[in-house]
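Both counts, for ligands and for their atoms, begin at 1 and track the order of listing. Hydrogens, waters and symmetry mates play no part in the numbers below; they use all other heavy atoms, side chains included. Since the structure is predicted, the reported quantities are computational estimates derived from the model, not experimental observations. By convention here, the first residue in the shown sequence is residue 1.
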Amino acid sequence: MKLAALGEVMVELAPQASEKGAQSGGAGRPLLAQSYAGDTYNTAVYIARGGVDVSYVTLLGDDPYSEEVLTRLAGEGIDTSAIVRLPGRCPGLYMIQNTADGERYFTYWRGEAPARELFTDVDRREQLKAHLRQMDCLYLSGITLAIMTSEARAELLAFLGEYRANGGRVAFDSNYRPRLWRSVEAARTAVAEFMAVTDMALLTFEDEQALWGDTDTEQCVQRNTAAGVAELVIKRGAEPVLLQYRSERSEVEVPAVSSVLDTTGAGDSFNAGYLAARLQGASPEQSIVAGNRCAARVIGHRGAIIPRADYFSASAA
Ligand code: ADP
């Protein structure tokens, strides 16, 4: 089984954490820790750790940070052969701020990120399609769609139709980020189009509420099953995960996590646990259990990508 994840990875600057909270860099400024993250990138890393062959698909620059992303992907055993490098460019950047009320505030510099050119260039697109046709499953998110041009999105949509007709499976997480879209209507239109070519929808109810105004999960189930999604998983934080698989409905409890340190990447790692299990033959219910287990390891540590040693020692526990 081989999966390709499509999207954007960014440079992350986050307040360096210590036991007492953020460390000060003097003059009231926090010391910042630099790493790399992005929803589909996070998922790709954990799917690879789950034992499935993964290819990450994006565009990067030719700067040292892009170089480091490739090194990290290779260190996870992820195929980087479909990653295009644009000369003179560098990846997008975001900073996390701890606000006074204990929340985290994100600021992005990603308008000129190379990943925005995914599926735009005709020659590169044909090469990429040939690569994607070799995959058993493609994974993308609402963020992947949001950063693409509308023309590129239409090209990808048409390709996914052909890809599925030839037996490929598509997994999608709506991951709604209002700031990335021109309007909520634009986001709804794009997400609805892609839901129609999705086999496995791994959604977070909060995002669905923000995007569609759902007041209960029934509306979410109805809309997505009407769109033709055969395998629908709805994450709700610590609340049971909902599954609508073909005509069967079920709920899977989320085991309590004793010390939730940082829920960044919870949904992304859940998706990875789910897809890694599912692609290796587990049932949807068993895959939800695997998704919960993967998310539990990640939220017990700080950061979206936890070190390999911590990840594998947590899984042995
Ligand atoms: P997102 O990160 O997209 O907001 P959720 O908050 O719904 O996603 O969480 C995704 C998954 O992470 C859940 O289905 C569950 O497996 C795990 N999770 C999140 N919060 C908790 C929590 N407080 N306790 C245990 N598991 C959690």
Side-chain angles (χ1 to χ4, degrees), residues 5 7-8 10 12 14 37-47 49-50 94 96 102-106 139-146 171-180 187 191 195 198 200-212 214 216-217 220-221 224 231-245 249-278 282 284-306 311 314-315 317:
E8 179 179 20
M10 288 169 285
E12 177 194 272
D39 66 337
T40 54
Y41 170 84
N42 304 341
T43 301
V45 166
Y46 293 119
I47 294 176
R49 290 185 190 179
Y94 70 100
I96 304 175
E103 291 294 314
R104 288 148 55 87
Y105 186 78
F106 292 74
Y139 175 70
L140 57 147
S141 78
I143 297 178
T144 313
L145 303 185
F172 181 74
D173 183 342
S174 59
N175 259 343
Y176 177 49
R177 299 293 178 271
R179 276 187 283 175
L180 289 177
V191 168
M195 216 45 92
T198 292
M200 293 175 272
L202 308 172
L203 311 176
T204 296
F205 187 54
E206 247 182 34
D207 287 357
E208 291 292 289
Q209 286 183 297
L211 179 57
W212 298 100
D214 293 345
D216 66 61
T217 50
C220 183
V221 172
N224 289 298
E231 191 168 330
L232 172 65
V233 175
I234 305 174
K235 296 158 275 175
R236 301 182 299 163
E239 296 293 306
V241 177
L242 297 185
L243 170 69
Q244 175 79 34
Y245 181 50
R249 179 84 56 92
S250 54
E251 286 193 11
V252 178
E253 291 290 325
V254 174
V257 173
S258 53
S259 61
V260 178
L261 258 188
D262 176 5
T263 57
T264 309
D268 305 335
S269 52
F270 174 94
N271 294 354
Y274 185 92
L275 290 171
R278 196 76 181 101
E285 284 88 355
Q286 291 167 332
S287 302
I288 291 175
V289 172
N292 287 335
R293 204 180 297 133
C294 185
R297 289 176 213 169
V298 173
I299 65 181
H301 286 78
R302 267 182 225 289
I305 304 289
I306 70 171
Y311 182 82
S315 64

- Item | Thr43 side chain vs Asp268 backbone, donor-acceptor pair below 3.5 Å | yes

Item to check | Side chain Asn292, main chain Glu253, donor-acceptor under 3.5 Å | outcome: yes

The single option from Lys235, Gln286, Glu231 that satisfies side-chain hydrogen bond (donor to acceptor under 3.5 Å, both in side chains) with Tyr274 is Glu231

Nearest heavy atom to atom 14 (O) of ligand 1, choosing from Ala295, Gly237, Ala304, belongs to Gly237

Hey, does Asn292 come in under 3.5 Å of ligand 1, counting only N/O atoms on both sides?
yes

Margin query: For the backbone of Arg297 and the side chain of Arg293, can you confirm whether one donor and one acceptor N or O come within less than 3.5 Å of each other?
Written below: no

Going by the 4.0 angstrom heavy-atom rule, the piece of Glu206 near ligand 1 is neither

Between Thr217 and Arg236 the two heavy atoms that sit nearest each other are CG2-CD, 3.9 Å

Closest non-hydrogen contact found for Phe205 with Asp216 is CZ-C, 3.5 Å

In ligand 1, the atoms that come under 4.0 Å of a heavy atom of Phe270 are 14 (O), 16 (O)

shortest atom 22 (C) of ligand 1-to-protein heavy-atom contact is with Ala238 CB, 3.7 Å

Ligand 1 atoms nearer than 4.0 angstrom to some heavy atom of Lys235 are 7 (O), 14 (O)

Counting from 1 in the order shown, the ligand 1 atoms closer than 4.0 Å to a non-hydrogen atom of Val254 are 15 (C), 25 (C), 26 (N)

- Can any side-chain N or O of Ser141 pair as donor or acceptor with the backbone N or O of Ile143 at less than 3.5 Å? yes

Honestly, for Val241 the part within reach of ligand 1 (heavy atoms, under 4.0 Å) is side chain

Logged contact type for Thr204 with ligand 1, heavy-atom cut-off 4.0 Å, is side chain

Taking only non-hydrogen atoms of Arg236 and a 4.0 Å limit, the atoms of ligand 1 in range are 7 (O)

Note: Leu180 and Ala146 closest approach over all heavy atoms is CB-CB, 3.6 Å

Item to complete: Flag Gly267 as yes when one of its N or O atoms lies below 3.5 Å from any N or O atom of ligand 1, and as no otherwise.
Response: yes

Any heavy atom of Ile299 under 4.0 Å from ligand 1? The part involved is side chain

